[in-house]
Amino acid sequence: MAKDPSMTGEVYYPAPEVVHGAHIPNYDKVHQEALADLPGFWGKIAAENFEWYKPWKQVLDDSNAPFYKWFVDAKTNIIHNALDRHMRTAIRNKAALIFEGEPGDLRIYTYQRLNREVCKFASVLRAMGVRKGDRVTIYMGRIPELMIAMLACAKVGAIHSVVYGGFSTEALLGRIEDSESKLLITCDGAWLRGEIVKLKEIANAAVDRAGTIENVICVKRTGQPVEMVSGRDHWYHEMMALPIASTKAETEVMDAEDPLFILYTSGTTGKPKAILHTHGGYMVGTATTLKWTFDLKPEDVWWCAADPGWITGHSYIVYAPLINGATSIMYEGAPTFPYPDRWWQIVEKYGVTILYTAPTAIRGLMRFGESWPNRYDLSSLRLLGSVGEPINPEAWKWYHRVIGKEKCPVMDTWWQTETGHFMITPLPSVPLKPGSATRAFPGVEVDVVDEEGHSVGPNEEGFLVIKRPWPGMLRTLYRDPDRYVEAYWSRYAEQGWYLPGDSARRDEDGYIWVIGRIDDVIKVSGYRLGTAEIESALVSHPAVAEAAVIGVPDELRGNHINAYCILRQGFEASEKLKHDLKDHVGHEMGPIAKPTEVFIVNSLPKTRSGKIMRRVLRAQALGQDVGDVSTLEDS
Ligand code: WT7
């Protein structure tokens with residue numbers, strides 16, 4: 001692409017062969033057209049690329065905003081587009097999923113085989129009484145059965161709620177109870193760095209206390225003895241061998257707006273938010289963003305190295321690749337097991353053409369130096385991707401140079417659990433700036449504004465807002481519509497804009513630079529953690545009277561957590577206690593939430609109304625000026 005001398009900063013231009021033949025070689029034109037007629041834009045895409053049992057009456061209904069509806073009155077099922085329709089074409093013989101286990105085992109599912117497994121498991125679910133609208137919690141490692149379970153739920157119209165396999169008992173229990181799931185699908189264990197994460201044991205502890213679960217289905221993965229409760233727990237492989245596991249299973253006819261899944265994510269206050277996504281709009285949004293952003297072609301081997309337990313995995317391991325008829329890689333374990341070349345070995349072995357991962361993983365692998373990737377032939381790669389947090393230019397350049405050999409554009413995709421799919425991202429034809437997610441996806445209208453909603457000037461920091469609805473947007477928080485309105489639509493209620501909760505800058509060229517969260521959400525290794533949740537975990541320890549946690553910049557993980565605790569009477573500070581508190585948080589929430597440092601203090605900085613001023617703690621930890629503390633109760 002021709003250089004534009006007026007552009008500022010360091011710019012990487014795509015090679016002509018990248019632009020030529022890309023699905024969208026002309027970003028500006030497509031974006032302008034989309035904004036000029038949003039329903040027309042998405043309506044055309046939805047009609048041409050997806051099958052519907054019944055067409056819509058209206059593409060977008062905004063009469064009851066912010067409760068938007070997309071593809072009003074249309075009937076479909078995301079599974080019809082992800083699997084059923086492929087059975088009629090050559091795609092049925094193509095590899096849908098190439099799975100490599102951490103111990104080195106390999107499984108390949110063609111579309112036909114995957115569909116068969118999904119049909120059988122859907123029949124099992126129906127035989128166990130799972131019906132449209134029922135909630136099913138899934139708590140598993142990164143194995144094909146996790147995908148099969150999700151797809152089977154969608155097929156029968158049940159709402160899946162996947163809980164990340166790195167979460168502990170309390171987190172699992174809270175999510176089971178909040179969603180009132182009657183079935184839990186889990187596995188005996190998961191392989192991680194050569195060791196077994198005992199998922200069934202954690203699941204048992206949660207299910208014993210959860211009132212709603214009637215049945216548990218357990219996949220055998222690691223094979224160690226586990227406790228199975230008779231009458232309640234069933235082995236997956238035994239169920240799948242029964243006559244009830246019929247390969248003839250109807251796909252439930254769903255309204256475009258019927259719920260597909262809920263996925264919990266951390267918010268500013270209290271308990272996690274249950275983000276709700278639907279069949280129609282989510283399907284159109286995820287599949288289209290993947291196809292355009294990563295220029296997905298039939299011959300590609302797509303590897304999204306995230307966990308299916310997060311939105312990245314839901315959208316870009318499970319649903320969007322299947323809808324596009326793509327071949328995906330799934331790898332079970334750690335990137336550094338047994339050696340730090342495992343990922344590069346996988347790229348070479350399966351001829352991966354597109355790799356999508358997170359800055360924290362890139363930084364982690366960068367530490368081991370270039371010799372590990374250099375031992376492999378990575379020439380199959382043609383595009384790279386990043387997601388989860390701002391990518392520091394140094395990591396971007398390493399990724400681009402060492403992994404992409406300076407020929408693979410890096411797609412830095414900004415989005416959220418709530419948005420369902422990419423919102424700010426380059427397309428392969430867009431010139432890149434390391435560290436910037438560049439510009440909005442076609443049809444997405446973003447801005448950076450001040451408190452009053454005025455666009456801020458170039459390079460000034462402000463709040464990121466999204467000014468118009470998009471098809472994959474969350475529809476509500478499950479059973480909590482008031483919190484939905486309050487959390488996302490109240491700050492700019494008058495204008496009707498969505499507030500993602502991020503701060504950002506826009507440069508002279510209109511490029512967006514996301515800075516970070518504006519609320520009490522901390523990103524650790526790309527995972528989103530709420531200060532409130534970690535603080536409640538700390539306070540649930542008998543020694544802790546009060547606690548505050550902050551995120552501190554960390555070279556590897558983006559942020560790590562520091563905790564400040566006031567002890568109850570009768571307890572004394574000791575190294576052992578600090579250690580116990582870290583373990584306690586790990587036990588309550590999962591290892592990812594463990595504080596790196598625990599400080600025992602006599603008081604916490606609070607406003608006169610009693611709110612903890614984490615800003616003050618953060619400034620102190622970083623040795624910065626604490627700023628205006630006039631509202632502090634006792635400065
Ligand atoms: C938050 C959403 C979207 C899937 C994974 C995270 C941050 C995400 C980027 C990016 C800068 C990013 C934001 C956002 N974030 N991608 N490319 N550049 N920041 O989903 O757990 O819902 O977190 O992650 O702060 O609000 P999530």
Side-chain angles (χ1 to χ4, degrees), residues 162 164 166-167 262-268 272-277 282 285-286 289-290 293-294 304-320 356-363 384-393 395-396 399 410-426 432-441 444 446 448 461 463-466 470 472-474 477 487-488 498-506 511-530 533 551 557-559 592-593:
V162 179
Y164 169 54
F167 278 148
I262 48 187
L263 185 57
Y264 288 87
T265 190
S266 297
T268 310
K273 299 178 192 162
I275 308 297
L276 184 112
H277 285 288
Y282 176 82
T286 53
T289 48
L290 176 61
T293 303
F294 286 100
C304 168
D307 195 282
W310 302 100
I311 190 69
T312 312
H314 279 55
S315 299
Y316 297 111
I317 296 178
V318 179
Y319 290 110
Y356 183 44
T357 183
T360 185
I362 299 166
R363 290 192 297 262
L384 299 172
S386 173
V387 60
E389 57 179 321
I391 179 164
N392 38 315
W396 193 102
Y399 195 30
V410 178
M411 303 295 109
D412 178 0
T413 61
W414 179 92
W415 58 296
Q416 309 179 291
T417 308
E418 289 86 342
T419 69
H421 51 73
F422 310 150
M423 297 296 280
I424 306 175
T425 177
L432 305 173
K433 299 189 185 190
S436 166
T438 75
R439 307 183 46 199
F441 188 83
V444 174
V446 299
V448 181
E461 184 170 343
F463 302 118
L464 196 64
V465 290
I466 300 168
W470 62 98
M473 65 197 303
L474 77 165
L477 297 179
Y488 305 106
Y498 171 85
L499 184 82
D502 279 13
S503 64
R505 289 193 193 92
R506 184 165 31 198
Y511 277 46
I512 305 281
W513 299 75
V514 174
I515 298 166
R517 301 289 307 183
I518 53 174
D519 51 14
D520 288 318
V521 168
I522 307 173
K523 281 248 146 179
V524 178
S525 299
Y527 297 135
R528 191 163 146 181
L529 298 167
E533 281 166 84
R557 289 172 288 175
N559 291 288
I592 189 84

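Remember, it's 1-based here, ligands and their atoms both numbered in the order they're listed. No experiment lies behind these values; they were computed from the predicted model shown.
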Residue, atom and distance of the protein heavy atom nearest atom 20 (O) of ligand 1 read T417 N, 3.8 Å
One finds that the ligand 1 atoms under 4.0 Å from a non-hydrogen atom of V387 are 3 (C), 4 (C), 5 (C)
* To do: For the pair S315 (side chain) and T312 (backbone), establish whether a donor and an acceptor sit closer than 3.5 Å, ignoring hydrogens and angles.
  => no
Logged contact type for V514 with ligand 1, heavy-atom cut-off 4.0 Å, is side chain
If you scan protein heavy atoms around atom 5 (C) of ligand 1, the nearest is T312 OG1, 3.4 Å
Looking only at non-hydrogen atoms, the one of E389, K523, M423, E418 nearest atom 6 (C) of ligand 1 is K523
Taking every heavy atom of H314 against every heavy atom of P308, the minimum-distance pair comes out as ND1-O, 2.8 Å
Margin query: Over 60° means perpendicular and under 30° means parallel, so tell me whether W310 and Y164 are parallel, tilted or perpendicular.
Written below: tilted
Interatomic distance, CD1@I424 vs CD1@I466, rounded to 0.5 Å, equals 6.5 Å
The protein heavy atom nearest to atom 14 (C) of ligand 1 is D502 OD2, 3.4 Å
4.0 Å heavy-atom contact, G501 with ligand 1: no
Interatomic distance, CD1@I515 vs CZ@F463, rounded to 0.5 Å, equals 11.0 Å
With no hydrogens and no angle check, do the side chains of T413 and Y356 hold a donor and an acceptor under 3.5 Å apart?
-> yes
In ligand 1, the atoms that come under 4.0 Å of a heavy atom of G388 are 7 (C), 8 (C), 9 (C), 12 (C), 15 (N), 16 (N), 24 (O)
In ligand 1, the atoms that come under 4.0 Å of a heavy atom of I311 are 4 (C)
Fit a plane to each ring of Y316 and W415, take the angle between them on a 0 to 90° scale, and name the class: parallel (under 30°), tilted (30 to 60°) or perpendicular (over 60°). perpendicular
Could you tell me whether S386 and ligand 1 have an N or O pair separated by under 3.5 Å?
-> no
**OP:** Would you confirm whether Y399, through its side chain, and P359, through its main-chain N or O, come within 3.5 Å as a donor-acceptor pair?
**Re:** no
So for P390 against ligand 1, with non-hydrogen atoms under 4.0 Å, the contacting part is both
Residue, atom and distance of the protein heavy atom nearest atom 3 (C) of ligand 1 read W415 O, 3.1 Å
Original post:
Are any side-chain N or O atoms of S386 and backbone N or O atoms of A358, one a donor and one an acceptor, separated by less than 3.5 Å?
Top reply: no
Counting from 1 in the order shown, the ligand 1 atoms closer than 4.0 Å to a non-hydrogen atom of R528 are 2 (C), 21 (O), 22 (O), 23 (O), 27 (P)
